[in-house]
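Shown next, in structure tokens, is the structure this report addresses.
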Number of protein chains: 2
Amino acid sequence: MASSYVDSSGRSLADYPRPSVAVDTALLTVPEETGQLSVLQVRRHRDPGWALPGTFLHEGERLIDAVQRSLRDKAGVVGTSPRQLHVFDDPRRDTRGWVLSVAHLDVVRPDQLAGRDRARTRLVPVDRPGMLPYQHDEIIERAVSELRRRYASAPDPDHLLAEPFTILQLRRLHQAIAGRPLQPDTFRRKMGLQLTGTGTRTTGTRGKPAELYLRER
Amino acid sequence: MASSYVDSSGRSLADYPRPSVAVDTALLTVPEETGQLSVLQVRRHRDPGWALPGTFLHEGERLIDAVQRSLRDKAGVVGTSPRQLHVFDDPRRDTRGWVLSVAHLDVVRPDQLAGRDRARTRLVPVDRPGMLPYQHDEIIERAVSELRRRYASAPDPDHLLAEPFTILQLRRLHQAIAGRPLQPDTFRRKMGLQLTGTGTRTTGTRGKPAELYLRER
DNA sequence: GTAATAGTGTCTATCAGACATTATAAC
DNA sequence: GTTATAATGTCTGATAGACACTATTAC
């Protein structure tokens with residue numbers, strides 16, 4: 001493909017102007033405390049306020065590595081699986097120059113955020129993200145839609161629950177992501193078919209003990 | 001956001017190395033002659049063979065404008081609506097340097113391709129795209145999946161048919177995109193509800209005249 | 001026993017697939 | 001009339017929502 005880009009004037013790759021490329025990430029999780037789908041934000045460096053974690057792409061670096069580096073450096077989060085969402089390409093988006101930003105979605109278990117720097121980061125429910133610079137609110141919207149689409153038909157595809165888990169735990173997670181209550185019986189019937197029962201049950205809980213399940217089918 | 005990227009060493013935006021950014025497009029259409037979902041390919045400049053149309057992003061240019069420029073210059077196609085699919089970011093993908101490529105999907109009516117340069121371009125069914133450089137086959141796969149998803153539930157969302165049209169015309173289009181036959185009666189029931197009948201009917205055709213419909217609901 | 005939660009039975013509405021039937025044109 | 005296509009009727013099976021009911025635990 002490269003050579004097909006060389007135009008009739010014979011200009012080579014190095015002759016073309018190049019934009020800076022950044023990554024920005026909507027890191028979503030469901031904290032135990034609130035049970036609400038929330039997004040990680042970090043303090044901005046120069047300006048007051050909060051923003052999504054982001055960084056510039058380093059030379060020869062892959063986008064996914066830049067995302068993981070920014071999450072490690074800015075929030076102490078490791079072991080994530082970012083996915084691309086969209087490229088924001090308005091040339092006037094950044095006042096300091098020509099910057100393309102590749103928005104990402106990442107989803108983590110709350111325990112993966114345990115060691116985060118609480119002075120420099122915060123977790124905010126996705127439906128009240130506060131004032132954010134640039135199009136970070138749009139990134140959150142895209143991230144939430146994508147996550148809801150993923151969780152609509154499959155049980156916990158992003159492995160937010162530690163195995164084994166009960167169907168109630170699974171349903172609470174899916175409700176947090178969907179942002180609305182889900183029918184207990186319908187949910188059980190749809191998702192239960194995609195789970196493997198362990199035969200063991202919870203103990204010490206109120207009511208009838210629930211069976212514990214594994215994701216693997 | 002920009003200022004939040006400045007790291008603790010105080011490096012500014014211009015100090016970061018920058019990749020070249022390209023766009024590549026899977027331009028899909030359904031030619032009258034074959035009735036098969038097909039993708040536009042252009043002759044490569046230096047190497048033998050064919051590739052998807054692409055170009056480098058010009059300074060301050062938006063991605064969508066680069067896509068439209070490449071389609072105009074390489075295939076004489078105008079008036080399209082490209083959509084982003086994915087960023088290909090393997091630093092070793094292009095032997096001549098560090099190039100990010102933003103893959104796009106574009107869908108056009110066959111008449112929009114009437115004036116194309118037939119010596120430099122060809123239309124190939126998407127299921128037999130031939131040998132393509134880099135990850136252009138993957139771009140086609142993503143483009144087709146996305147198009148099938150869009151056409152699964154709505155009647156001709158990308159306006160490939162000139163209005164008014166019959167349900168048979170609509171179903172043939174959807175079959176070409178789905179790559180499989182669709183039940184006439186089920187299709188009519190699902191899509192018919194989302195169309196507006198004009199009251200007028202085809203004339204001069206064999207069999208019972210078909211009603212003509214508009215997309216608008 | 002009561003309260004609470006897990007899990008199942010079952011009715012209804014909706015919808016896709018499949019097939020039959022009716023309607024209306026060209027010939 | 002015959003043939004071809006459009007449009008509708010209707011049966012069946014699958015599934016979601018809704019509600020009732022049974023099962024098993026803590027207390």
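Lettering of chains follows the sequences in order, A, B, ..., and the numbering in each one begins at 1.
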Residue-phosphate contact under 4.0 Å: B:Q183 side-chain N/O, C:dA18 OP1/OP2: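 Yes, such a contact exists.
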Nucleic acid contacts - residues 166-174 of chain A versus DNA chain C, non-hydrogen atoms under 4.0 Å: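 Under 4.0 Å from DNA chain C: A:L168.
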Residues forming a ring pair (Phe, Tyr, Trp, His ring centres under 6.0 Å) with A:H86, sequence neighbours excluded: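 Partners of A:H86 by the ring pair (Phe, Tyr, Trp, His ring centres under 6.0 Å) criterion, ordered by chain and then number, come out as A:F88.
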Residues in ring pair (Phe, Tyr, Trp, His ring centres under 6.0 Å) contact with A:F187, at least two apart in sequence or another chain: A:H174
Does this structure show an ion pair linking [X] with [Y], if we count only N-O contacts that are shorter than 4.0 Å?
X	Y	value
B:D106	B:R83	no
B:R69	B:E61	yes
B:R62	B:D65	no

Between [atom2] on [N] and [atom1] on [X], what's the gap in Å once rounded to a whole number?
X	N	atom1	atom2	value
A:L193	D:dA16	CG	C1'	13 Å
A:L182	D:dG17	CG	C1'	12 Å
A:Y213	C:dA6	OH	P	11 Å
B:M191	D:dA6	CE	C1'	18 Å
B:R188	D:dG9	CZ	P	12 Å
A:Q194	D:dT15	CD	P	11 Å
B:K190	D:dT8	NZ	C1'	19 Å

Distance-only polar pair, side chains of A:S101 and A:D24, donor-acceptor under 3.5 Å: yes
Test salt bridge (charged side-chain N to carboxylate O under 4.0 Å, His left out) applied to A:R201 - qualifying residues, sequence neighbours left out: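 Per chain and number, A:R201 pairs via salt bridge (charged side-chain N to carboxylate O under 4.0 Å, His left out) with no residue.
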Partners meeting salt bridge (charged side-chain N to carboxylate O under 4.0 Å, His left out) with B:R150 (sequence neighbours left out): B:D158
Base C:dT14 to side chain B:R189, donor-acceptor N/O within 3.5 Å cut-off: no
Contact list (N/O, under 3.5 angstrom) for nucleotides 23-27 of chain C vs protein:
unit_1: C:dT24; atom_1: O2; unit_2: B:K208; atom_2: N; d: 3.3

Heavy-atom closest pair, residues A:L170 and A:P155: CD2-CB, 3.8 Å
Nucleotide nearest A:T186 when distance is taken to its side chain, options D:dA7, C:dG7, D:dG17: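 Closest of the options to the side chain of A:T186: D:dG17.
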